[in-house]
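Ligands are counted one by one from 1 in listed order, and the atoms in each one are counted from 1 as well. Position 1 is the first residue of the sequence, and the numbers go up from there.
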Amino acid sequence: MTNQRNAQNHTHYDVVIIGAGASGLYCALTAGRRGRRVLVLDHANKAGKKILMSGGGRCNFTNYFVEPEHFIGANPHFCKSALSRYPSWEFIGMVESHKIAYHEREHGQLFCDDSAQDILSMLLDECTAVGVQVKLNAQIDHVKTAAHDNGERFYLTTSKKLGKKDIANGTQSSQTGYSCESLVIATGGLSIPTMGASGIGYELAQQFGHTLVPTDASLVPFTFTDKTGELIRALAGISLPVIASNERISFKLPVLFTHRGLSGPAMLQLSNYWQTGETISINLLPEIDVTELLLARKKSHPRQLIRTVLAENTDNALPKKLLAALQTHLWEDIKDTELANIKDERLTELGATLNGWQLKPSGTEGYRTAEVTRGGVTTDEVSSKTMQSNLQNGLYFIGEVLDVTGWLGGYNFQWAWASGFVSGEIV
Ligand code: FDA
């Protein structure tokens with residue numbers, strides 16, 4: 001496959017994709033299969049770094065049950081077309097054809113048996129098989145358009161991103177130019193800057209007149225600064241099934257107390273729907289109506305203590321350390337008082353708290369640990385069928401850079417594959 005150099009000394013490709021992550025690689029292999037000459041540029045020293053760190057190193061690469069309801073964004077309908085044209089079994093088929101062993105975990109989540117590296121190798125092998133070129137350490141200096149024949153082309157200038165060794169050796173970075181008919185922005189979000197995340201996708205979108213939905217860290221643990229924060233930190237390591245909710249949504253999943261705040265699937269899922277300053281509610285005993293239980297015990301076992309009743313519920317019992325801490329926090333003054341001597345109102349109030357602990361997070365851990373970035377390129381300005389910009393012919397946005405955010409559970413990768421596929425079919 002030969003690449004032409006044009007008059008301005010830019011090497012020409014049909015398609016240039018910025019970002020060798022999940023969506024960029026999937027778009028590349030799809031376009032490559034159609035015989036398009038494809039170049040993928042990435043400033044990182046390795047392709048697919050987030051794939052490698054995903055799912056605790058085993059990559060939760062998709063989910064058996066993918067519905068538009070598993071995604072958020074200003075336009076909830078935007079994701080429908082791509083997700084229906086590229087359902088999860090398409091990706092599962094590719095995984096199986098590469099003989100990658102995988103397993104299902106709860107809620108239809110699919111993980112590699114062995115390593116996330118299997119998924120990355122599969123994508124890179126598929127790219128190589130169809131002649132896709134991947135250039136790493138490529139810093140994008142600028143992108144512009146210029147008239148060509150009867151249309152327009154994109155012209156990109158890149159320079160080699162110098163590593164520490166290069167700088168120590170006094171290596172100079174030289175610029176390289178590329179031109180293309182189709183330019184795909186697959187640069188992901190802002191989460192985990194140490195893994196190569198940058199805001200370039202948003203900057204390029206704005207350069208071409210696109211608007212952005214404000215971005216925020218999402219699928220991220222909550223932090224707390226007040227007394228509740230102290231209580232939570234003291235319980236670090238404890239995990240239990242809860243119902244976590246706000247006014248709009250509930251998730252029945254485990255919560256994890258950490259040294260920084262509250263994490264675990266319940267909290268990460270809720271963070272997708274959380275606005276700064278909002279109170280969240282945690283039902284610590286979702287299988288029990290605690291008020292009903294305490295009032296019934298007051299009648300049947302009036303000499304019992306609250307902690308005895310709560311510790312007795314063996315199947316649903318709160319972890320001992322949590323129970324002791326909650327006692328100090330919520331009913332220290334009546335901890336040794338028999339139920340018979342506690343007013344019904346107080347038991348009712350306590351039951352309501354345990355079935356709906358109201359907490360006001362001070363914030364989240366932010367982009368440092370967030371799995372995704374919420375918000376991004378406004379989907380109203382992009383075709384939901386092709387991912388092409390409505391404002392600039394030949395420009396495409398795919399994956400997380402768009403205002404489409406999935407739930408925890410393989411949905412964000414499924415969006416990356418699906419948006420990569422539909423764009424790859426047309427670029
Ligand atoms: P992605 O981030 O994959 O790729 C963007 C690429 O653009 C990167 O290679 C980056 O280096 C490159 N880039 C950025 N700026 C650039 C610049 N200035 N110049 C050139 N290149 C640039 N999802 C899921 O479904 N299941 C899971 O198990 C997990 N697990 C998980 C764990 C952790 C720790 C994180 C951080 C995230 C996940 N995710 C996940 C989310 C998932 O990784 C994410 O949604 C997809 O990788 C998004 O794919 P994209 O292609 O949009 O971006």
Side-chain angles (χ1 to χ4, degrees), residues 16-28 39-63 66 70-71 88 91 102 105 108-112 116 119-120 123-124 134-143 156 158-161 184-204 217-221 263 265 268 272 365-374 376-377 387 396-421 423:
V16 171
I17 300 168
I18 306 180
S23 63
L25 292 176
Y26 209 90
C27 175
L39 171 69
V40 187
L41 297 170
D42 202 298
H43 68 163
N45 59 359
K46 206 171 178 7
K49 283 191 180 184
K50 278 198 188 156
I51 298 175
L52 292 177
M53 73 190 301
S54 68
R58 289 216 158 80
C59 187
N60 176 194
F61 55 82
T62 191
N63 195 295
V66 178
H70 296 122
F71 296 84
S88 53
F91 194 80
Y102 66 92
R105 294 194 194 160
Q109 305 171 87
L110 301 186
F111 286 78
C112 296
I119 299 293
L120 180 58
L123 297 171
L124 291 172
V134 179
K135 276 207 163 52
L136 300 171
N137 297 307
Q139 185 173 292
I140 313 295
D141 296 332
H142 40 258
V143 176
L156 290 88
T158 67
S159 45
K160 184 175 183 283
K161 199 168 178 181
V184 184
I185 312 299
T187 44
L190 296 168
S191 323
I192 325 252
T194 49
M195 285 292 134
S198 85
I200 193 174
Y202 309 126
E203 288 158 27
L204 288 170
S218 218
L219 295 184
V220 63
S263 185
L268 300 190
N272 262 357
E365 288 186 15
Y367 292 119
R368 194 178 56 80
T369 61
E371 282 203 11
V372 288
T373 299
R374 195 167 64 177
V377 176
M387 305 295 135
Y396 296 77
F397 296 94
I398 58 173
E400 204 181 308
V401 75
L402 282 163
D403 174 30
V404 177
T405 306
W407 283 15
L408 192 73
Y411 300 104
N412 284 294
F413 278 137
Q414 185 57 30
W415 172 247
W417 318 136
S419 56
F421 173 77
S423 58

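- The shell of residues lying under 4.0 angstrom from ligand 1, judged by heavy atoms, excludes S191.
- For atom 14 (C) of ligand 1, the closest non-hydrogen atom on the protein side is G196 O, 3.2 Å.
- Using 4.0 Å as the threshold, M53 has a heavy atom nearer than that to some atom of ligand 1.
- Heavy atoms of I200 found under 4.0 angstrom from ligand 1 belong exclusively to the side chain.
- Counting protein heavy atoms only, atom 36 (C) of ligand 1 is closest to I192 CG1, 3.5 Å.
- Ligand-side atoms of ligand 1 in range of A44: 11 (O), range being under 4.0 angstrom from any heavy atom.
- Between G21, A20, S23, it is S23 that holds the heavy atom closest to atom 50 (P) of ligand 1.
- Here the heavy atom of the protein found nearest to atom 24 (C) of ligand 1 is F413 CD1, 3.1 Å.
- In terms of polar-atom proximity, defined here as any N/O pair under 3.5 Å, S198 does make such a contact with ligand 1.
- When the options E371, K50, E400 are ranked by their closest heavy atom to atom 39 (N) of ligand 1, first place goes to E371.
- Neither the backbone nor the side chain of W415 comes within 4.0 Å of ligand 1, counting heavy atoms alone.
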Criterion side-chain contact (heavy atoms from CB on, under 4.5 Å) on L123 and Y26, from CA distance to verdict: CA-CA 7 Å; L123 297 171; Y26 209 90; 3.9 Å; yes

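- Residue A186 places a heavy atom under 4.0 Å from ligand 1.
- The ring of W417 has its center no closer than 6.0 angstrom to the ring center of F421.
- For atom 26 (N) of ligand 1, the nearest non-hydrogen atom from the set I51, L408, N60 belongs to N60.
- In terms of protein heavy-atom proximity, atom 29 (C) of ligand 1 is nearest to S54 CB, 3.6 Å.
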Can you give me every donor-acceptor pair (side chain of residues 184-192, partner residue at least two apart or in another chain, under 3.5 Å) with its distance?
{"residue": "T187", "atom": "OG1", "partner": "G201", "partner atom": "N", "Å": "3.4"}
{"residue": "S191", "atom": "OG", "partner": "V372", "partner atom": "O", "Å": "3.0"}
{"residue": "S191", "atom": "OG", "partner": "T373", "partner atom": "N", "Å": "3.3"}
{"residue": "S191", "atom": "OG", "partner": "T373", "partner atom": "OG1", "Å": "3.0"}

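- Qualifying salt bridge (Lys or Arg N to Asp or Glu O under 4.0 Å) partners for E371, counting only residues two or more places apart in sequence or in other chains: none.
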